[in-house]
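I have placed the structure first, in the form of structure tokens, so that the comments after it can refer back to it.
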Amino acid sequence: MKRFALATASSLAVLAGTSVMAEPQAEVLHWWTSGGEAKSVAVLQEEFAANGGTWTDMPVAGGGGDAAMTALRARVLAGNAPTAVQLKGPAIQEWYEEGVLADISNVAEAEGWAEVLPASIAAHMQCEGTWCAAPVNVHRIDWIWANADILAANDIEMPTTWEEFNAAAEKLQAAGIIPLAHGGQAWQDATVFEAVALGIGGPEFFKKAFVDLDPETLTSDTMVQIFDQMRTLRGFVDENFSGRDWNLATAMVMNGEAAFQIMGDWAKGEFLAAGKVPGEDFLCGSTPGDGYLYNVDSFAMFDVDGDDKRAGQELLAKLIVAPKFQEVFNLNKGSIPARTDVALDKFDICAKISAEDMGASSANGSLLPSYAHGMALRGAQAGAITDVVTAHFNSDMSSADAVQQLADAVANSY
Ligand code: BGC
């Protein structure tokens with residue numbers, strides 16, 4: 001008995017020794033490189049370091065993360081996956097199916113994630129009943145940002161219908177002001193398109209089109225009207241829009257060069273990082289129409305060798321979902337916490353609107369996943385839609401041709 005007790009004690013010591021010696025390491029792939037984004041990810045780096053972790057940064061610039069995802073694929077194919085990766089939506093399950101994700105259920109269970117995350121968010125983080133990603137936030141896509149002074153000087157209210165938006169834009173254009181700050185990159189075209197689609201089509205339509213990929217909905221008259229509105233918006237952007245990064249478009253609104261931007265609330269992170277105050281310097285309003293398009297940033301851990309890396313993954317997963325981090329990170333990022341138990345006292349009016357609208361949309365069935373930000377569809381289908389949206393926006397393609405191409409592209413994407 002005594003010998004057994006001794007053996008147990010010494011194996012415990014060995015175990016304890018291993019975990020003490022394994023200093024948490026993580027190479028983290030992400031695409032948070034703009035001013036507001038960099039400030040936000042620094043919060044995670046600091047938390048990780050304060051808890052004994054060593055962070056190796058792997059930022060891949062490019063809004064929306066397309067370039068980051070290409071870099072990830074190259075690393076995994078080379079057999080050298082990063083420890084932790086900013087990954088979201090069905091891409092998490094796609095990577096899981098490739099057999100390359102680590103199971104973080106031990107952290108999720110110890111930390112009680114199931115009790116503090118809304119079921120819809122938790123479902124995105126799970127792979128066949130295990131936890132395979134840690135959620136950071138909820139970004140809303142369907143926002144309009146405006147320069148407060150420009151609107152006041154031109155006697156314009158925040159638009160609540162697309163007709164009002166168009167009328168305001170025409171008035172501004174006549175006054176020599178760029179109505180819409182936009183960056184001509186495919187993912188930004190897609191971001192505007194899905195906000196217009198939700199507004200004109202409504203939540204049911206959006207679900208049929210971009211979640212169910214229903215062919216009749218894709219070629220419907222409503223979809224024609226949506227492309228018509230995209231053509232109208234094309235007339236409101238300046239001639240240098242092509243290829244412009246989203247944060248430079250935000251800067252145009254900030255600096256008074258342009259009146260509006262249609263963009264997810266990481267744009268607010270940019271305004272805040274520049275010291276701008278919501279309600280004074282800039283205004284936020286949801287894009288016209290009902291519903292809420294959500295985009296949840298999350299991190300998945302890849303299957304890597306080494307106790308230090310595994311310790312890094314566990315520490316990172318734990319910190320990401322912890323209430324303190326969810327508060328501080330999201331105050332910087334422009335998003336709201338994924339956890340339901342973080343008080344919003346320190347958050348601004350835009351975040352409070354987001355949280356309230358998300359609750360109402362969740363209750364009435366109009367809370368919908370963003371297709372443009374990889375929450376609704378697998379990569380091939382989302383990519384097929386975006387190719388048509390951007391081809392239409394950058395040419396004189398008719399709306400009728402666009403809807404036909406949309407249905408064909410989706411049909412051929414499987
Ligand atoms: C991400 C945001 C990011 C934005 C621009 C979105 O897809 O969810 O976190 O700020 O892209 O890079």
Side-chain angles (χ1 to χ4, degrees), residues 28-45 58-72 84-92 121 124-125 133-143 145 181-195 210 243-251 253 261-274 284 292-300 320 325-326 328-338 350-351 354 358 368-377 379 382-383 385-386:
V28 186
L29 191 162
H30 63 89
W31 67 89
W32 287 331
T33 55
S34 76
E37 291 174 335
K39 227 176 142 187
S40 312
V41 76
V43 174
L44 187 54
Q45 292 173 354
M58 190 187 170
V60 181
D66 293 338
M69 292 301 99
T70 306
L72 171 63
V85 176
Q86 185 187 353
L87 198 66
K88 56 190 167 139
I92 298 170
I121 294 183
H124 282 292
M125 307 299 137
V136 179
N137 61 5
V138 181
H139 269 305
R140 184 180 196 172
I141 303 296
D142 46 317
W143 282 115
W145 308 95
H182 182 62
Q185 296 173 344
W187 73 272
Q188 294 187 60
D189 299 338
T191 302
V192 173
F193 173 76
E194 69 173 352
F210 304 115
R244 177 187 288 137
D245 287 330
W246 67 271
N247 51 319
L248 300 182
T250 310
V253 177
Q261 182 182 21
I262 298 170
M263 187 48 64
D265 43 21
W266 48 91
K268 191 186 74 184
E270 229 37 40
F271 283 108
L272 298 179
C284 59
Y292 184 113
L293 295 180
Y294 71 85
N295 169 29
V296 177
D297 283 313
S298 47
F299 280 86
I320 284 172
F325 169 75
Q326 294 249 327
V328 181
F329 177 90
N330 287 302
L331 281 168
N332 286 294
K333 188 70 173 67
S335 37
I336 56 173
C350 309
S354 178
M358 184 174 149
L368 291 156
S370 157
Y371 114 75
H373 289 271
M375 297 302 299
L377 299 170
I385 296 173
T386 299

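For ligands, and for the atoms within them, numbers begin at 1 and follow the listed sequence.
Between Asp142 and Tyr294, the closest side-chain pair of non-hydrogen atoms is not below 4.5 Å. Residues Trp32 and Asp297 meet the side-chain proximity criterion, which asks for heavy atoms closer than 4.5 Å.
The Lys88 neighbourhood of ligand 1 comprises atoms 1 (C), 6 (C), 7 (O), 8 (O), with distances under 4.0 Å to a heavy atom of that residue. The distance from ligand 1 to the heavy atoms of Lys333 drops below 4.0 Å at these ligand atoms: 2 (C), 3 (C), 9 (O), 10 (O). Close contacts of ligand 1 with Glu37, meaning ligand atoms under 4.0 Å from a residue heavy atom, involve 3 (C), 4 (C), 5 (C), 10 (O), 12 (O). Ligand 1 places these atoms under 4.0 Å from at least one heavy atom of Asn295: 1 (C), 6 (C), 7 (O), 8 (O). Near His373, the atoms of ligand 1 lying under 4.0 angstrom from a non-hydrogen atom of the residue are 6 (C), 7 (O). For ligand 1, the atoms closer than 4.0 angstrom to any heavy atom of Trp266 are 2 (C), 4 (C), 5 (C), 10 (O). Atom numbering of ligand 1 starts at 1 in the shown order; those under 4.0 Å from a heavy atom of His139 are 2 (C), 9 (O).
Asn330 and Ser335 form a side-chain donor-acceptor contact under 3.5 Å, judged by distance and modelled atom types alone. For the 3.5 Å distance criterion, the side chains of Asn137 and Gln326 fail to qualify, holding no donor opposite an acceptor.
Applying side chain to side chain contact (heavy atoms under 4.5 Å, CB included) to Val296 and the options His373, Met125, His139 leaves one that passes, Met125.
On a distance-only criterion, Gly64 and ligand 1 share at least one N/O pair closer than 3.5 Å. Polar contact check, Asp297 against ligand 1: a nitrogen or oxygen pair lies under 3.5 Å apart. By the 3.5 Å distance cut-off applied to N or O atoms, Trp187 is not counted among the residues near ligand 1.
Between Phe193 and Tyr371, the ring planes are perpendicular. Angles over 60° get that label, and only those under 30° would be called parallel.
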Could you walk me through whether Trp246 and His182 pass the ring pair (Phe, Tyr, Trp, His ring centres under 6.0 Å) test, one step at a time? CA-CA 7 Å; Trp246 67 271; His182 182 62; over 10 Å; no
Show your working on side chain to side chain donor-acceptor pair (under 3.5 Å) between Ser298 and His124 and close with a plain yes or no. CA-CA 9 Å; Ser298 47; His124 282 292; over 6 Å; no
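Using a 4.0 Å heavy-atom cutoff, Gly65 is absent from the residues neighbouring ligand 1.
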